[in-house]
Amino acid sequence: MSDNDGKKTLGLRGSRPGQVKQSFSHGRTKNVVVETKRKRVVVPKQGAAAGGAASPAKGDPRKRPGGISDAEMERRLKALQAAKAREAGEKVKREAEEKAREEERRRRREEAEAKERAEREREEALKAKAEEEARKKREAEEAAKRPKAAPKPDPAAAQAAEARGAKTPSATTRKKDDRGNADAQRQNRSKGRDDNRRSGKLTLNQALSGDRGGRQRSVASMRRQQERARQKALGGNVEREKVVRDVQVPEAIVVSELANRMAERVADVVKSLMKMGMMVTQNQSIDADTAELIIEEFGHKIVRVSDADVEDVIHQVEDKEEDLESRAPVITIMGHVDHGKTSLLDAIRDAKVTAGEAGGITQHIGAYQVQTDDGVTLSFLDTPGHAAFTSMRARGAQVTDIVVLVVAADDSVMPQTIEAINHAKAAEVPMIVAINKCDKPAADPDKVRAELLQHEVIVEKMSGEVQDVEVSAVTGQGLDALLEAIALQSEILELKANPERAASGAVIEAQLDVGRGPVATVLVQNGTLKQGDIFVVGEQWGRVRALINDKGDRVKEAGPSVPVEVLGLNGTPEAGDVLNVVDTEAQAREIAEYREHAAKEKRAAAGAATTLEQMMAKAKADKDVAELPILVKADVQGSAEAIVQAMEKIGNDEVRVRVLHYGVGAITETDIGLAEASGSPVIGFNVRANTPARNSANQKGVEIRYYSVIYDLVDDVKAAASGLLSAEVRENFIGYSEIREVFKVSGVGKVAGCLVTEGVARRSAGVRLLRDNVVIHEGTLKTLKRFKDEVKEVQSGQECGMAFENYDDIRPGDVIEIFEREEIARTLD
Ligand code: GDP
């Protein structure tokens with residue numbers, strides 16, 4: 001409409017539309033042709049048509065095409081207007097619908113699985129396409145219909161164009177009025193009409209008219225919009241479709257690192273921690289359990305790593321088959337005490353180590369190697385008993401390949417024999433039975449074999465699979481046969497290792513040597529340990545300064561199954577610790593520090609994990625438990641651990657032995673100080689106190705006891721602990737008497753005239769008054785009289801007078817039970 005206004009101001013004259021004559025101040029004039037844009041013409045065209053229909057058509061019905069009546073013309077125009085309004089309304093509605101649909105889609109997307117969502121989107125897309133097609137179809141129909149309807153308004157439009165200048169305003173007003181009625185009219189319209197209106201958007205005419213083009217574009221744009229929405233929805237799905245990650249979590253993890261590993265936003269992680277009631281910042285660490293909850297919430301998977309990444313440098317590469325070479329078996333000798341384990345180990349060593357080597361003197365390093373006559377090398381572990389075997393297993397070091405079970409032929413299968421069988425079975429280590437002491441006249445090997453049957457050890461002689469050899473550690477009988485049996489078993493096992501790789505091994509023994517510093521005997525299990533190698537062992541690390549073999553010789557390297565003493569540690573490791581060679585000192589140090597830290601944290605966590613209730617309960621329980629503290633020093637780590645384990649088994653819920661401290665080496669002044677402070681004795685196992693310690697112990701009155709047999713030690717400690725048991729009170733019945741008469745004695749009260757029917761009545765004893773076999777009173781006697789005299793006791797069959805302390809209700813016929821209480825010292829079983 002502004003165009004029209006513009007034309008007016010330019011002085012448009014009715015006779016020369018499109019031409020403007022300009023007069024300038026200096027007298028010149030200029031004719032300007034005003035070009036009207038087609039688009040601009042179209043807008044008023046319909047308005048003008050309405051205007052044209054309203055006035056000139058009225059005045060001159062002939063100008064109307066097809067002789068359409070006024071009413072008809074008006075109706076059509078109104079319908080046209082209404083259609084426009086409707087289209088506008090529909091556009092809004094469509095947009096609203098689209099928005100709602102979008103909203104709905106989003107909601108559903110969130111609710112449903114990604115796959116389902118995609119499915120739904122596809123369905124919607126199909127629906128949209130179908131709609132589109134339906135619409136196109138309708139458009140085609142419309143296009144077919146239009147030729148009839150279109151010419152009608154066209155002449156009116158032409159008229160309107162002619163009369164535009166004057167008529168547009170009124171047409172506009174009219175149009176506005178019409179639009180006001182649009183809704184009402186729309187309701188009156190037939191369905192077919194409605195469809196026509198909708199499909200009218202894409203007719204040829206409309207396509208040519210710029211105005212309609214806008215609307216046509218709106219369909220396309222709607223389609224694009226739909227497409228965009230679909231893409232967005234699909235795209236959204238892709239975003240939403242979680243990449244489920246395997247999140248590695250050590251025992252504790254910093255929140256930001258956790259977020260990082262999940263590839264989630266730190267803020268989201270902190271938020272969900274808050275929801276769980278944990279107020280933590282991104283720099284704080286949370287434990288693995290909490291992390292697991294978070295990881296699950298974010299839809300990922302937790303992968304717990306027992307050791308932190310630092311341990312990864314320890315190569316856990318599987319060896320290739322072609323790199324493997326056979327290695328010597330590692331043998332542990334087990335059996336009951338005194339069945340001859342030590343003797344057998346010594347006998348084997350003495351028999352096989354030639355006198356020339358190291359002057360025939362072998363050094364005790366916890367293990368040794370021997371060669372059989374056939375040239376097979378065998379490695380024997382020379383550690384005390386089963387404790388070493390189990391504690392090593394507990395630490396994850398499975399060292400033993402074959403167990404030799406020693407049973408004395410003159411004895412039978414004993415508790416520790418059974419224990420050894422169970423250990424071997426639990427570790428799935430094959431057994432060879434050595435029936436020892438066969439030189440003895442009382443030896444009965446078959447009895448041993450029969451007894452072993454009961455424990456599911458079926459030896460070869462009993463048609464079983466377990467090899468059995470009759471030996472004598474004293475005479476050396478059968479030793480070669482035993483070694484052959486071991487060699488055969490080893491062959492069956494096909495033991496192999498790769499000597500070319502970085503070494504790994506297990507600590508068999510470790511001690512702090514005064515001159516040499518920390519020393520560990522390591523049994524190399526794989527690879528070759530060389531002088532100069534950097535290693536980590538348990539919580540310690542070091543660089544191999546020297547390697548000393550079982551014969552006391554310095555060696556440059558030790559291959560698989562070879563036991564060596566390792567010098568160059570920064571601290572004393574523990575038996576069962578695993579040694580690994582690493583590339584750099586930094587790595588070794590880092591791993592050792594990490595392990596130390598982790599062990600400390602674990603201990604702290606274990607302590608902190610107890611709830612207050614648990615602590616209260618424990619404190620309460622502790623009050624009732626007597627404790628015998630002891631301090632243990634032993635020659636080797638293995639013995640010390642064995643003693644500690646044995647000590648822990650002593651006691652029940654009233655008495656227990658507490659090992660305050662245990663260690664390897666001589667008893668020192670420090671030990672005495674600690675023992676004095678806690679009032680405990682010091683136990684020396686195969687070690688002695690040094691002179692200052694001895695003096696200090698004498699001064700402070702600390703008891704030192706020396707042992708060389710664990711079982712003696714255990715018995716003694718048991719006896720000591722028994723002394724701490726509170727004595728048991730036992731009641732002994734000593735007599736019965738029957739009340740015959742009841743007298744009243746002034747100053748004394750009621751006195752019962754009784755006959756002692758059984759046992760004795762004793763003045764000092766406790767008494768119970770029984771009426772019809774029901775105890776009605778329990779107490780003590782005030783007096784016990786025989787005739788007129790106060791007596792200490794009255795024998796059975798005699799009469800006596802009795803009066804109760806603080807009790808009077810006695811009747812003839814009541815029975816008095818006389819008993820005594822006795823305190824019994826108890827022993828621990
Ligand atoms: P461990 O406790 O199992 O180590 O047993 P020992 O090796 O200390 O032996 C206990 C006792 O049995 C020692 O006195 C040995 O001399 C003795 N003994 C060990 N083996 C034999 C054997 O083959 N024949 C005889 N007659 N005595 C033996």
Side-chain angles (χ1 to χ4, degrees), residues 331-353 362 364-368 370 380-392 400 402-424 431-449 451-452 455 457 459 467-486 508-509 575 634-643 645-646 685-687 706-716:
I331 303 113
T332 299
I333 295 190
M334 294 168 96
H336 195 71
V337 64
D338 280 351
H339 278 198
K341 297 183 294 290
T342 319
S343 309
L344 202 56
L345 275 164
D346 289 348
I348 293 166
R349 182 161 47 187
D350 292 345
K352 295 297 157 189
V353 176
T362 54
H364 172 90
I365 65 164
Y368 64 80
V370 294
F380 282 90
L381 289 193
D382 185 9
T383 44
H386 312 166
F389 184 81
T390 37
S391 72
M392 276 201 201
T400 307
I402 297 164
V403 163
V404 170
L405 180 70
V406 180
V407 191
D410 63 337
D411 203 348
S412 44
V413 169
M414 299 297 278
Q416 284 171 296
T417 317
I418 299 163
E419 201 179 291
I421 293 169
N422 293 338
H423 284 323
M431 237 183 318
I432 292 170
V433 176
I435 303 170
N436 193 28
K437 305 196 187 182
C438 283
D439 58 299
K440 282 198 170 183
D444 187 357
D446 284 333
K447 183 177 151 247
V448 171
R449 290 186 180 104
E451 281 177 353
L452 284 171
H455 302 283
V457 178
V459 297
Q467 296 188 76
D468 59 315
V469 188
E470 291 180 19
V471 295
S472 165
V474 171
T475 63
Q477 167 207 339
L479 286 188
D480 283 333
L482 176 63
L483 297 185
E484 262 172 46
I486 295 168
I508 293 163
E509 276 185 17
D635 52 348
V636 288
Q637 186 78 17
S639 317
E641 282 181 4
I643 292 166
Q645 281 181 7
F685 187 79
N686 283 339
V687 293
Y706 298 126
Y707 293 92
S708 53
V709 177
I710 291 188
Y711 300 94
D712 293 347
L713 162 63
V714 169
D715 285 347
D716 281 7

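Numbering of ligands and ligand atoms starts at 1, following listing order.
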How would you list, by chain and number, every residue that makes a side-chain contact (heavy atoms from CB on, under 4.5 Å) with Asp411, sequence neighbours excluded?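 Per chain and number, Asp411 pairs via side-chain contact (heavy atoms from CB on, under 4.5 Å) with His339, Ala408, Met414.
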Could you list the residues that satisfy side-chain contact (heavy atoms from CB on, under 4.5 Å) with Asp715, not counting sequence neighbours?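 None.
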Looking at Glu470 and Arg449, is there a salt bridge between them, counting it only when a charged N and a carboxylate O are closer than 4.0 Å?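 Looking at Glu470 together with Arg449, the answer is yes, because their closest N to O distance falls below 4.0 Å.
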Counterpart residues, ring pair (Phe, Tyr, Trp, His ring centres under 6.0 Å), relative to Phe380 (two or more places apart):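 If we apply the ring pair (Phe, Tyr, Trp, His ring centres under 6.0 Å) test to Phe380, skipping adjacent residues, the hits are Tyr368.
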By the definition side-chain contact (heavy atoms from CB on, under 4.5 Å), identify the one residue from Ile435, Leu344, Asp468, Ile331 that meets it with Leu482.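 Among Ile435, Leu344, Asp468, Ile331, the one meeting side-chain contact (heavy atoms from CB on, under 4.5 Å) with Leu482 is Leu344.
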Is any side-chain heavy atom of Val459 closer than 4.5 Å to a side-chain heavy atom of Leu452?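 Val459 reaches Leu452 side chain to side chain.
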At less than 4.0 angstrom from any atom of ligand 1, which residues have a non-hydrogen atom? List them by chain and residue number.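 Residues His336, Val337, Asp338, His339, Gly340, Lys341, Thr342, Ser343, Asn436, Lys437, Asp439, Lys440, Ser472, Ala473, Val474 each place a heavy atom under 4.0 Å from ligand 1, listed by chain and number.
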